[in-house]
Each structure stands twice: as structure tokens, then as C-alpha cells.
Amino acid sequence: MTELNLAQAINSALDLALANDQRVVLLGEDIGVTGGVFRVTDGLYQRYGGDRVIDAPVAESGIVGAAFGMAIAGIRPIVEIQFLGFAYPAYDQIVSHVGRIRNRSNHRFSAPLVIRIPYGGGIGAAEHHSESSEAIFAHTPGIKVVVPSTPYDAKGMLLAAIADPDPVVFLEPIRLYRAVKQDVPDDEYLVPLGVATTVREGTDVSLFSYGSMVRESRRAAEALSGEGVSVEVIDLRSLAPLDEEAIVAAARRTGRAVVVTESPRTAGMASEVAAVVQERALYSLLAPVERVTGWDTVVPLKRTEHHHVPGLKRISAAVRRVMEA
Amino acid sequence: MTELNLAQAINSALDLALANDQRVVLLGEDIGVTGGVFRVTDGLYQRYGGDRVIDAPVAESGIVGAAFGMAIAGIRPIVEIQFLGFAYPAYDQIVSHVGRIRNRSNHRFSAPLVIRIPYGGGIGAAEHHSESSEAIFAHTPGIKVVVPSTPYDAKGMLLAAIADPDPVVFLEPIRLYRAVKQDVPDDEYLVPLGVATTVREGTDVSLFSYGSMVRESRRAAEALSGEGVSVEVIDLRSLAPLDEEAIVAAARRTGRAVVVTESPRTAGMASEVAAVVQERALYSLLAPVERVTGWDTVVPLKRTEHHHVPGLKRISAAVRRVMEA
Amino acid sequence: MEPIRLLEVDGTLRGDPPVDLDETRRLFTAMVTARAYDSKCNAMQVQGRLATYASFEGQEAAQIGSIAALRNDDWVVATYRDAAAMWFQGYLWANLLLGRMGDERGGAPPEDVNVLPPSITVGAHMIHAVGLGWAESLQGSDRIAMALFGDGATSEGDFHEAMNFAGVFSTPTVFLCQNNGFAISMPRQRQTAAEWLTNKAIGYGMPGVLVDGNDLFAMIGVTRDAVGRARAGDGPTFIEALTFRVGPHTTTDDAARYRSDDLVEEWRRRDPIDRVRLYLQRSGGWDEAWETELAESARGAIEEAVTAAESVDPFEPGAIFDRMYSTPTSAMDRQRAALRRDGGDD
Amino acid sequence: MEPIRLLEVDGTLRGDPPVDLDETRRLFTAMVTARAYDSKCNAMQVQGRLATYASFEGQEAAQIGSIAALRNDDWVVATYRDAAAMWFQGYLWANLLLGRMGDERGGAPPEDVNVLPPSITVGAHMIHAVGLGWAESLQGSDRIAMALFGDGATSEGDFHEAMNFAGVFSTPTVFLCQNNGFAISMPRQRQTAAEWLTNKAIGYGMPGVLVDGNDLFAMIGVTRDAVGRARAGDGPTFIEALTFRVGPHTTTDDAARYRSDDLVEEWRRRDPIDRVRLYLQRSGGWDEAWETELAESARGAIEEAVTAAESVDPFEPGAIFDRMYSTPTSAMDRQRAALRRDGGDD
Ligand SMILES: Cc1ncc(C[n+]2csc(CCOP(=O)(O)OP(=O)(O)O)c2C)c(N)n1
Ligand SMILES: Cc1ncc(C[n+]2csc(CCOP(=O)(O)OP(=O)(O)O)c2C)c(N)n1
Ligand SMILES: [Mg+2]
Ligand SMILES: [Mg+2]
């Protein structure tokens, strides 16, 4: 056990994967010599050399496309895209090829690669550096999309993603990279993909979120307990596939649901969760499912970003609303 | 008035726009000399010349990016992407630039361009030729996303899109290009964007759809009337912005809603509509909103495509279910 | 720049042939077989037995010649127009047909054949070849990867990234561009202002070769050199093979809209099969009975493949949920149940 | 290949100067002013008054020299590292600062200034310059467009598509690549195996020029030629300006991880401002009092801009909904109401 923050936990997972499986290779911009813009790959180039930890030209489509080819031929590539806002040039490779090769070759070929992408706002970053467009990946057939919110989950889910025989988009909440430390086992362990987890028990309302919004949801839950509201917080962890059973069970239990994401609202994950809840738990609902989301706007720059990324105030307001309904 | 099919109606709109506004320019692959793979631009190159109807190299990002620059400098480009499956390479330009310039320049610059894209399946086309990923565009801030389902709407909505001071993604249901003819005015007229329309009256259930799914929904409505179910069919027409008022009013009126799309299910437009309905019409709902969608799979090839794209059978089953709930 | 040519249009040879007479006869047979496949597909499409079909008539030397320079286990990543190449590397005609009938099982070549299913997205697949070859090097194998693509594909950003990665990482990749003069309706001159596509190679620090793509021998020669370099660890090569598609872009295309019959006739006179026949005749490696017989057995092989493809049973409805992941996810299971409940449409 | 150079490191001239002494003094002043801005920004970032900042120290000649060859109304599309160029084309320091403070209003240059807000996505903006210039030609104007970008940007697919479109459509575009040796941590040699980026131009059928980017005069000369060609309707040009960023990639970068102090020192000796000062001294166009004064007033101008930027009032909460569309859509209105109801977080 070592106390690690989320970035260090990911580094530890990558280190183990590189050490234990010769097929594992890292590929990305500035991940080698400098250890990545967030230092998540720190020290790995020095430890495993430039053939295992590969600094790539500035070309996201090329990086994902090359990794895709590598994966088909037996390598286990782990790609880093510098920020989610720079993943769009690679979107065609992901939707048209990475997510399809198993289907289009009827299992003859597969592409077990992991695409790690820091995402999300809340730190007043420059344009394009605060994207939260995870829904477009969750909407993409043939891939899995997961988001850890704790160091423990980050390591175990990344190791599970690497072991997965199918492609996984692994989103890392920038805002949580160094936010908290947690005891994390030194050895390999797997946190299964596709499974949500309850991070706080509660009986009045179910709060669904993932990534950095889990922390905001917990903050709100704590605050609301002072008002006598018992809020359950569920970390979805996996966006594709979504753990519908966990969602539906919680909604049926409490009868009140709020979903929190920092992404654009229209056709985002909050809408998906709301659709599922009403579909399978309608008759238990005591109030409409509230969506607390980023707006359908570009993430505003530092000066107004707090009007966009949900936090204590907006989450609490939504919870109070479902309580009063 | 002339009887036109949907492809001809679009051709007529383009013809008028080119004739009436010197700033209008068409840009796309094979749109000139041959008139486009669907012949939608037939005759326009011959009429307006290669400086107005521009055949571009095979490079979707370049086409959209160049049109974006053109639009900023006073041209009104209308881009054609050959199929929605080939729009992904241009996605970065759309999300990172086309939808952002007004915001990032605080209105100093804007990009009034139209991106026309044939979409959807049901005709047994080759891989990548049947995509229905409109949700990723609806999820993209700063653009409008519209889908006509009739020749009349196609012409009027395209002219409205061209006149719009903001970028519009204009999706054209491939399956309907030549499916029906309709009397269409010869002159210019506008069908306002952002507004849904009721295409069939009914009192028991509201069926929401757009594009080629409107026709399937109508077929189902007709069939169900034989079973004594009165089905209202609403053509959403605009996905961003969504006409929430129309959706909510209908759901409150009938108390039963079914949404039909041919796109992947998770985080698709059907989820958005379901989320809106439960949010604002929960207490009127007599049954959960049903989503009839494509699956979270690649669109299957010809031999099994009919297991994927919704039609009479699946829509009717959903309507019966909400009736029985 | 003059394209490399070994075999003149009249069948006379410049210098030494790259292969002996037996191998030439084998490759001639392959080209004739491929053409038989091509005309069968065109016919079947008209009969509604195949979906849209993209003919490769006229490009047989470029495809068979380049593949002839590969080893059996090398990787090939090609397009919708490269059925001849794919087949010659071991893909089955029956699978190619099955794909054109709209059946995903067509995308699966035999286990020991390293050929990806045909790429329909223009441009995206070249970087896959880069990754495949790279993976082989990383694993200590000397397998190489060849990407086949058209002149139009060189306009896509992904072409650039593929070429650039191959240069930077010196991957064992052969970029075989069949410049057949058109990308659907657009002539090569509208794809780029460069005089030759070959001019692009220097921008990636790699050798570029211009070759007569209708010359079987020249194709074998330049590809062999490129493959040799790649296998020796000396990096990638770009080959521009000048050729022509005699047919329309696909069966839905009307080529008369954008090119003249004269141009087609001009290229028919440079037919890649005729040229080898003339050479064989000059070299005493041909007689009519032999060709009649091989044409006969080529047609027979294609008919067999058609029968095989057409007798494949349809998928069961649920199959689409089994193909997406190694093990169906919870979403696949839920959706399979929904399809089972409501039934698919038609 | 040898880069074009007019001014030696010691300030001696090869051939004729492209501008007279007065203009040289004006451009020297501009470079000094730009550097004052750069050091102010670095200082403000440390104080937490600016978000991440990307220094252009060492690249002043490349930016001021190239812009000097433009007309006032020409278009400029540049990156996060090109503040000197943008300002010299008319963008206000105050707006550049405002942007770095995290305020969208920084993205709006004055009405008559044709400079887009700085591009942060690497690669995507060059094609915008192609479209801008193209639009001008289509409208009968002789305005041209210049794109500024780095060596790293040449690896993106969008670079390729931009260069290719410019070639095919012969648009009035100047591609100004500031090859400053690194893309974050990656040296130029890791971006491409080509010997020079200039080698890429031939692949697009356009002229490519290699120039000493720390030489103000050479920059003016080659850009003027390129602009002249573009304005005359003779199409695009690619310029590779060899330069160096003396500072780290941005204020969050630790350049010591990937490059040596020796390399930095070597480039400091080629400082673009020093070189012009030496030339002015040789030509009798310089005295210390003059430089002291101009440095003083440069700092004054920057301080004024800082004050202006820092006194801009914050946005009202609802402003984000007004910036997205010409007229807010129904979605914007609904979401504005929701924000008003619940309040924004902090
Ligand atoms: C990304 C993408 N854009 C557009 C298309 C539509 N399309 C199919 S083939 C083709 C032309 C390709 O020309 P070329 O690369 O020369 O190959 P050829 O067909 O001549 O063999 C186009 C534009 C596509 N399949 N993929
Ligand atoms: C599409 C995209 N990918 C990655 C990044 C992250 N990034 C920012 S600057 C940079 C390096 C750019 O290098 P270069 O083009 O040489 O410009 P320089 O910073 O040296 O001026 C990278 C990779 C980005 N901004 N956009
Ligand atoms: Mg071609
Ligand atoms: Mg650089």
C-alpha cells in the first residue's frame, strides 16, 4: 500500500503493465522524455526506453490509427491524448475503425487498445482544455468508456482496461489528478469495468455522477445532510456500458434522482441516465429526474467557468427541488 | 408549384440561393461536374460555373475548414459531405472551430455556413454509408442541427439554414431522397428552424421522430389506427435546438410518448427527448417514454440491417406497450 | 519524371525480367482469374445479387505485381477496389463476395492470412499498415505491411500522418498508391498541384518511386525493392503506380459524365494483361489452348466461390450483438432481449 | 540547403537591405515592445494575474518581419505563441492580455483588424487562412491571408489538407512556419524524417523557402516575395523560418527536461533584436538614449494595456448564453433561466 494521488495511481498501473507484459507500449505526445504534460508517465521512459514509451509527432489521428494497427498485430498499446479537446482529430479513427474491426471482421481481428484522455474543467484552463464530451464516445459502438474518480479505482480500472480484449476510452478527470491521496495497493488488482459503485449511502435521493463531479456531488451530499436530507451518491464509473441495474435499483429505492455531469446538456450522459430511470423506475419516481449539467455552450474561460461547471450550489438546488416535488 | 422529390427540392433551394446571392458558393466532393453522388447538385455546376460550385479534393476536414474561413470573410459556403460516415474527419473543425468562433471572438467573427450531409440507413448500403450519429452534432455547442423529412420542408429549411447567421448542420435522409414527391413552391420560402411540426393528429400516444423515421412512424400510426389506437406523429425537424415546448405540450396532452430514431441508443436523441418529457411532463405520463432506436452496434450490412433500423414492427410494439402500461 | 517500365506495350522487354517464365505464367493466370472475378461481379450486381461493386479492371498488374513481391505472411491493408491484391495475398474470393452481398462474415480472411477487410473510408487505413508493421518490428518479426490506396486518398490528412509516422519511426511499410487517374469524378490534377504524387515522398524523408502500373514486371521490381528495404529495417517507400480504371467508379457511377471514351480507349490499348500475353508469346510461354484452359478454370473457380458465398446461411437476428465485443456487454444483452421481444423489421 | 540570410549575427549586411533606416528603427522598436510584453506576461503569470503563458522570446524577427510585409487589411491567423505578430497586425495588447486572463472578449480585435483570435488547437487553423484568402479572391479583393504555425503543426493532417487546398485552388496564402526547434518536448527531428520542412512544399506544387528566422531583413524579404506572389494571383508559398524559443513551451513547462542550457545559450547569441541593434549601430541609426527611451515607452504602453485589461468588468452570469449564437436559441434561453434560478458555482 502506498498513498497515491490519481495521477500517481495511473503511473503505477502503467508501470506494472509495462513491467509485466512485454506487449504493452505507450504512445503519445510528450509522454516520454518529459513524462507527459500532467507527468502521468513520469519516469517510465527512463525505465522502459523509447521503444516502449514512445514520443509521437503532434498528430492524434496518426497516434490512434497507428496504435490500432499495432493492437491488431499483437501489441497492447496505451495511447495518451494530451487533452480531450485534442481527441477530436482522432474521432474518425475511433468511430470508423477502432470500434468496428471486431464486427467488420466477425471476430477475426480485434483492437485491444486503451486511449487515455485527461478531461474536464474547473481549473480555469485555456480554450479547448476543459472539454467534457464523453457522451460522443459513449454513443460510439464497439468501445467501452470509463471514468475513475479515485486513485484506487484509477489504478484498478486502468489495469482492467489494459487486460480487456476490446478498446477502452479511459477518461481521467484533470481536476482530480492531484486533489486527493488514497492508499493504493502496490501490486496488480482489477476493478471490473461496467460496474457503478455507491460512494455514499443515503435514503432520500440518489445522486448519479462520475469523474470530478463525484467530488462535487459528495460535497453537496454532506452539505444537505445538515438540512436533514439523506443523499446517496453513486459513481457510475462506466459510461459504456452503463450499469443500468445499479441505476434502476437506486432510483427505485429512493424514488428521487439527480444526475450531475459537466458536459453539454443536450444528448449528454445526464439525459441517458434520466431516460433509463424513467423507463425502468417510472412508477417509483416521486419527482422528475433532475439533470445538473454544463450548458450547451463552449466551456467558458476562467472568468465565467464557474457559471458552467456544476458545483455545490447547483447540485444542492436540484436536490432540494426533487425533495420538494 | 412543381412536384419534386426531396433531392430535387434541395436542388431547387441551392439553385435559388446561387441565383439570388452572389456570396453563396457550394463546396464538396464530386458535386460539380457529376452533380454529386446523389445528384442533388445536378446541373448547378453547368449553370453557375466552377467558381461557385467547387469540386474539392477528398479531404473533409479541409473542406469544412476552408468553408469556415470563407464564411468568416463574407462568403456563404454550403458544404456537401458525401455521407455522414465520412463527416468524422471534419468533426474537429466543426466542434473546435465552426461552433466556437462567435463565442471565442465575442461576436466579432461568425461562420454562417451550412454543412449538408446525407445520413441514415435502410437501403442496404455498404459499411460507413448508413450512419445516424446526429446526436454527436446535437451535443456540439454553437451549431444548429436540422433534419427535414419532406420535400417542402427540405427546401424551406435549407433556405432558412442558408439565411441563418450561424452554422447549420443540415442532415438529409438518404432513404427519402426519392421516396415521395410533393408540390413545392418554385420561389423562395422559409421554414423556420427550431420548430417541430405535427404531421398526424392523434389522441392516445405521441410519436416523436425525424428524418426517415417519420415515414416509419406514420406507417405505424396508420396500422395502429386499425387497432383503435389514435397516434399523433410529431416531426421534430430540429435537433438543436430542440422544440421542447412542442414535445412537452404533446406529452402532456396524450400522456404517452414514444421516440423513434435509427441512431445508436446510448446518449442518442431518443434519450434526450425522454429526459425532457419526464422532466417537464412527468405527472401527465401514463407510461414510461419508450425509445425505439438503432442498437449500440455498428449499422449491420444489408443482410441484417432490418434487425437494426426501426420499422413498423418495433414501433408498433412500443406503442402497444405504452397503451397497455 | 519518367515512370519505371520494364515491359513495353508491345510485350518487348527492357533489361532482365524480374521473374522466370513459369512465375510469369502463374502471374498471368492470376491476372486473368482476377479479371474473371471482376466481370462476374459486375454481372451479379446487375442481377441484384451483389450490392454496389467497384471494378478494378485495368489495375490487375498493379495489384498482382505488387503482391507478388510480398511474403505470404506479410500484412496487406487495401481498399474496396483491391480485391485482386487481397485475393492474391490469400483472402478468399468467397469472402470478398460475401462482403459485397452485405454479410459481415465476408470480412474475415482465413486464420493464417494477414489481410484486413477492405477499407471503405478513404485515407484512414494507411496508418493501420504503419501500426501493423511497427508492431511486427517491436516483436522482432521481419514481417512488413503494405497499404494499397488511390490517388484521391493522398488528399486526406490521414495519408499525411501515415507517411510521416512511417518516416519518423522508420517502419517497415510499403505505400502503394494506384494512381488510376480519377477519384470518382475528379481527375488527378484536381487532387493536388504537385506534378507527381511521388513528389510528396521527399517531404517525409522517404524514397518515392514512379512506375508504370500497367507493367507487371516493373511493379514486381519496384515493390520487391521497397519490400527488401522494409524487411531489412531500412524504412518505408512510397510507390506511385500509374494506371487506369477502365470501368466506372462503382456500379452506381456514370463515368461518361466526367471522362471521354477516347481516354478509356487509349488506356485499353495499354491493358496490363495483353502486355504480358504478348511477352509470353514472344518468349514461347504461351499457346492458345493453354489460355483457353486457364480462362476456363478461372471462371470455374469464380463460380465455385459464388456458390459458396451464396449458400452461406443468413445470420440469426441476435448475431449483431455478439460481433461487437469479445463478450457481449450488459448493453448488448439488454438490446438482444429487446430485439427478441419485438422482432426485427424488414 | 542553406537558409536565406541578409543580416549576419554581427549585424553586417549581405546585399541590399529590404527597408530603409527609418523603417528599420520602427521595426526594431516593435521588436523591443513585443519583448517587453513577453516579459511582462511571464511576470504576471508568476503573480497569478494571467493563466498559462507561452513566451515568444527569440521569435520576434520572424513575427515582426513577416507581418511587416503585409498590408493592413490582410488576414492573419496565428497561434498562442504569436502575440507579437498579431499585435503588429493591429490586435490590441489589452485584448491579448484579456484572453490570457480568461475572458472571451480578448478574442475580439478592433473592427478593421483582420486577425482571428489565437488558435490553440495545433494544426487546424492553417486551412482557415486558405478559406479566408480564397473568399477574398472570390469577392474580387486582393487581400491575402497569412497563417503562422510551428514545426509541430506540420505533423497534423490539417496542415496537409491546408497546403493541398492552397495548391489546388491557387489561393493567396502565405504559410509561415516558425520552426523553433521544438514542439513542447519534441525536437524537430522527431516531427518528421524530412531534412527540412521546406521539402514538403514540392509535394503541394508550391514554392518552399528556407530562411533564417532570426534575421529581420531576410524575413521581410522572403515574406514580401510570397505576399507579392499571392496578391498577384500566383498562389501560395511555404516559408520555413529557422528560429528558437528561448523560454519554456509555456509557463507550466520545464524545458530543462528535454534540452540543454548550451543549446539555449547558442541561440541567445543569435538573438534577433541584438542583431538589428548591431546593424543600426553600424549604420548610424542607433544611440543609447534612443533605445532607453523607446524601451521606456514600450514598457509604458504595455503597462497601459495591462491596466486596461485588468479594469474590464467581469461578465454577467448570463453572458455565456448570448455569445453562442447571433440570437439566443430556445435552449440558450431555457438554460439562462436555469442559471438565474440556481446561481452559478465557484
Ligand atoms: C473519408 C471518405 N471520404 C469520401 C468517401 C467517398 N469516396 C469513396 S471512393 C472515393 C474516391 C477515392 O478515389 P481514389 O483514392 O483515387 O481511389 P479509387 O476509387 O480511384 O480507386 C470517394 C471520395 C469515402 N469513402 N471516404
Ligand atoms: C490538436 C492539438 N494537439 C495537441 C495540442 C497540445 N500542444 C499544444 S502546443 C503543442 C506543440 C506545438 O508545437 P509547434 O507547432 O512547434 O509550436 P510551438 O509551441 O513550438 O510554437 C502541443 C502538442 C494542441 N494544442 N492541439
Ligand atoms: Mg483513383
Ligand atoms: Mg515549435
Side-chain angles (χ1 to χ4, degrees), chain A residues 22-23 25 27 51-52 54-77 89-90 92-93 96-97 99-113 138 141-144 164-167 193-195 238 240-245, chain C residues 75 77 99 103-111 113-114 116-121 123-139 141 143 145 156-158 160-169 171 315 319-320 322-334:
Chain A
Q22 282 300 314
R23 299 172 305 168
V25 148
L27 185 66
D51 270 358
R52 308 279 313 280
I54 308 171
D55 269 319
V58 187
E60 292 75 15
S61 186
I63 290 170
V64 171
F68 170 74
M70 283 180 167
I72 292 174
I75 290 292
R76 290 288 192 138
D92 180 50
Q93 286 289 346
S96 299
H97 294 280
R100 273 177 215 226
I101 188 66
R102 185 183 288 281
N103 171 70
R104 60 198 297 270
S105 73
N106 197 35
H107 292 280
R108 168 74 174 78
F109 300 109
S110 61
L113 78 158
I143 60 175
K144 295 180 180 174
D164 201 283
D166 287 303
L193 308 183
V195 185
S238 174
L242 201 58
D243 188 349
E244 283 198 12
E245 302 310 321
Chain C
W75 287 96
V77 193
D103 189 314
E104 283 79 0
R105 284 165 295 187
E111 267 308 318
V113 172
N114 291 329
L116 297 193
S119 246
I120 285 182
T121 56
H125 66 290
M126 300 165 245
I127 187 77
H128 306 163
V130 172
L132 290 163
W134 195 352
E136 295 295 349
S137 316
L138 286 171
Q139 294 171 105
S141 138
R143 271 185 212 144
E156 291 278 4
D158 273 0
H160 173 73
E161 300 192 11
M163 292 282 285
N164 200 43
F165 271 61
V168 168
F169 297 105
T171 61
F315 273 121
I320 52 178
D322 292 325
R323 281 196 304 260
M324 295 301 298
Y325 297 90
S326 165
T327 311
T329 61
S330 55
M332 295 295 98
D333 287 339
R334 282 191 299 269

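Below, chains carry the letters A, B, ... as their sequence lines are ordered, and counting in each starts from 1.
Looking at C:Ser141, neither its backbone nor its side chain comes within 4.5 Å of chain A, counting heavy atoms on both sides. Looking at C:Glu161, the atoms closer than 4.5 Å to chain A (heavy atoms on both sides) all sit in the side chain, from C-beta outward. In this structure, the portion of C:Pro118 lying under 4.5 Å from any heavy atom of chain A is its backbone and not its side chain. For C:Ala124, the parts sitting under 4.5 Å from any heavy atom of chain A are the backbone and the side chain alike. Residue C:Asn164 touches chain A through its side chain alone, counting heavy-atom pairs closer than 4.5 Å. Neither the backbone nor the side chain of A:Ala67 comes within contact range of chain C, judged by heavy atoms closer than 4.5 Å. Heavy atoms closer than 4.5 Å to chain A are found nowhere in C:Arg143, neither backbone nor side chain. A:Val25 touches chain C through its side chain: at least one heavy atom from C-beta onward sits under 4.5 Å away, while N, CA, C and O do not. Both the backbone and the side chain of A:Ala56 come within less than 4.5 Å of a heavy atom in chain C. Heavy atoms closer than 4.5 Å to chain C are found nowhere in A:Ser110, neither backbone nor side chain. Heavy-atom distances place both the backbone and the side chain of A:Glu244 under 4.5 Å from chain C. For a residue to count as touching a neighbouring chain, one of its non-hydrogen atoms must lie under 4.5 Å from one of that chain's; by this rule A:Asp51 touches chain C with backbone and side chain alike. Only the side chain of C:Phe165 has a heavy atom closer than 4.5 Å to any heavy atom of chain A. For chain A, the nearby part of C:Pro110 is the backbone; its heavy atoms alone come within less than 4.5 Å. Of the two parts of A:Leu193, neither the backbone nor the side chain holds a non-hydrogen atom closer than 4.5 Å to a non-hydrogen atom of chain C.
Ring geometry, C:His128 versus A:His97: the interplanar angle exceeds 60°, so the pair is classed perpendicular (tilted spans 30 to 60°).
For C:His160, the ring-ring contact (aromatic ring centres under 6.0 Å, His included) criterion is met by C:Tyr204, D:Phe159, D:His160, not counting sequence neighbours.
Using a 4.5 Å heavy-atom cutoff, the side chains of A:Ile75 and C:Trp134 are not in contact.
Atom CE of C:Met324 sits about 10.0 Å away from atom NE2 of A:His107, to the nearest 0.5 Å.
Listed options C:Thr171, C:Asn114, C:Leu116, C:Ile320 were ranked by heavy-atom pairs under 4.5 angstrom with chain A; first place goes to C:Leu116. Per-residue counts of heavy-atom pairs under 4.5 Å with chain A were compared for C:Gly106, C:Gly107, C:Ala145, C:Ala319; the largest is that of C:Gly107. Contacts with chain C were tallied for A:Gly194, A:Gly74, A:Pro77, A:Pro89; A:Gly74 has the most, counting heavy-atom pairs under 4.5 Å. Of the listed residues C:Val168, C:Leu138, C:Thr327, C:Val130, the one with more heavy-atom pairs under 4.5 angstrom with chain A than any other is C:Leu138. Listed options A:Asp92, A:Leu27, A:Ile143 were ranked by heavy-atom pairs under 4.5 angstrom with chain C; first place goes to A:Ile143. Here A:Gly142 is the residue among A:Pro141, A:Gly142, A:Pro167 with the most heavy-atom pairs under 4.5 Å with chain C.
Considering all non-hydrogen atoms of both residues, C:Val113 and A:Arg108 come closest at O-NH2, 2.6 Å.
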Going through the checks in order, is the side-chain contact (heavy atoms from CB on, under 4.5 Å) test met by C:Asp158 and A:Gln93? CA-CA 9 Å; C:Asp158 273 0; A:Gln93 286 289 346; 2.9 Å; yes
